Amino acid sequence: MFKRKNILKIAIDSPAAAGAGTLAKSISKNYNLFYLDTGKIYRFIAYLKIKFPKKFNNKFIKSKINSLKVKDLSNINLLSDEVGTEASIISKIKSIRKMVHSFQINLAYNPPKKYKGSCLDGRDITYNIVPDADFKFYVTANVKIRALRRYKELKSLKKKVTYSEVLKSIKKRDKSDKNRKISPLKKTKDSILINSSKLDRRLCFLKVKKIIDRKINI
Ligand code: C5P
């Protein structure tokens, strides 16, 4: 695989609704990096399973992934809890992870030319997808705070959910993502821990920016 040289690579892992996506977006904008929300790809596959249950097999998934443009992912509604739960089920399947991995690795190491690098967030980015990232972060927050954030996000999209349903599904997803055998969510020793429980978006961004600037400005 072709790898662009001298690019900045940032890897972020986090449990659901910890604020990693928002953080990764602002970091990417600030340093002109290509941003990839890797959860969206698993959500996309989960959506395929829900929408086309009879066609759902490896060949079908592969053809969809091969023709997938990252911008297409914003046009489908992938945020629902149903899709998130299904994503944590299909993401345990080895053959599916294999297909997704090459797609992600290619974008991490060979982002479009207009970008100075890449920033990926997910569950196994720091040790599986971009193990040689220049910066690795593990972003987390108290589970009740995460559930409240996700609940507010879903409510703003006019979704019919209760806070306790969201809390339950986040807890279930945490358990599944952390305990699965293949590519579990974990904090690697070389990742910097960012606890966003008491930080708003801006403070979280400034904290991470400070860490990055300290190193790249030397
Ligand atoms: O990040 P998000 O909540 O959108 O991810 C949905 C699900 O996709 C996660 O709960 C996890 O099971 C799976 N996932 C994964 N590996 C990644 C990103 C997401 O297994 N790198």
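Only a predicted model underlies this, so the values are computations on that prediction, with no experimental measurement involved. All ligand and atom numbering here is 1-based and tracks the order in the structure.
In this structure, atom 6 (C) of ligand 1 lies nearest to the protein heavy atom R173 NH1, 3.4 Å. Annotation: atom 16 (N) of ligand 1 to nearest protein heavy atom, R97 NH2, 3.0 Å. Closest to atom 18 (C) of ligand 1, if we only count protein heavy atoms, is T38 OG1, 3.4 Å. For atom 12 (O) of ligand 1, the nearest non-hydrogen atom of the protein is D177 OD1, 2.6 Å. When only non-hydrogen protein atoms are considered, atom 8 (O) of ligand 1 lies nearest to Y42 CB, 3.5 Å. Among all non-hydrogen protein atoms, the one lying nearest atom 4 (O) of ligand 1 is R43 NE, 2.6 Å.
Under a cutoff of 6.0 Å and an axis angle of 45°, K215 and F135 form a cation-pi pair. Figure legend: K3 and Y109 shown as a cation-pi pair, the cationic atom lying under 6.0 angstrom from the six-membered ring centre and within 45 degrees of its axis.
Side chains of S88 and S91: no donor on one and acceptor on the other come within 3.5 Å. In summary, the side chains of D81 and Y151 do not present any donor paired with an acceptor at a separation below 3.5 Å, with no hydrogens or angles considered. Neither side chain, T140 nor N195, offers a donor N or O lying under 3.5 Å from an acceptor on the other.
More than 12 heavy-atom neighbours from other residues, nucleotides or ligands sit within 6.0 angstrom of CD on E153.
Near S88, with a cut-off below 4.0 Å to any heavy atom, the atoms of ligand 1 are 10 (O), 12 (O).
Residue R150 does not touch ligand 1, judged by heavy-atom distances below 4.0 Å. Proximity of S91 to ligand 1, defined as any heavy-atom pair under 4.0 Å, is confined to the side chain (atoms from C-beta onward). Contact annotation for R123 and ligand 1: heavy atoms of both the backbone and the side chain come within less than 4.0 Å of the ligand.
Residue K92 places no heavy atom under 4.0 Å from ligand 1.
Between D13 and R123 there is no salt bridge, since no side-chain N of the basic residue sits under 4.0 Å from a carboxylate O of the acidic one. At a threshold of 4.0 Å, the pair K186-D124 does not count as salt-bridged, since none of the basic side-chain nitrogens sits closer than that to a carboxylate oxygen.
For a threshold of 3.5 Å applied to N or O pairs, the pair formed by D37 and ligand 1 contains no separation below that value.
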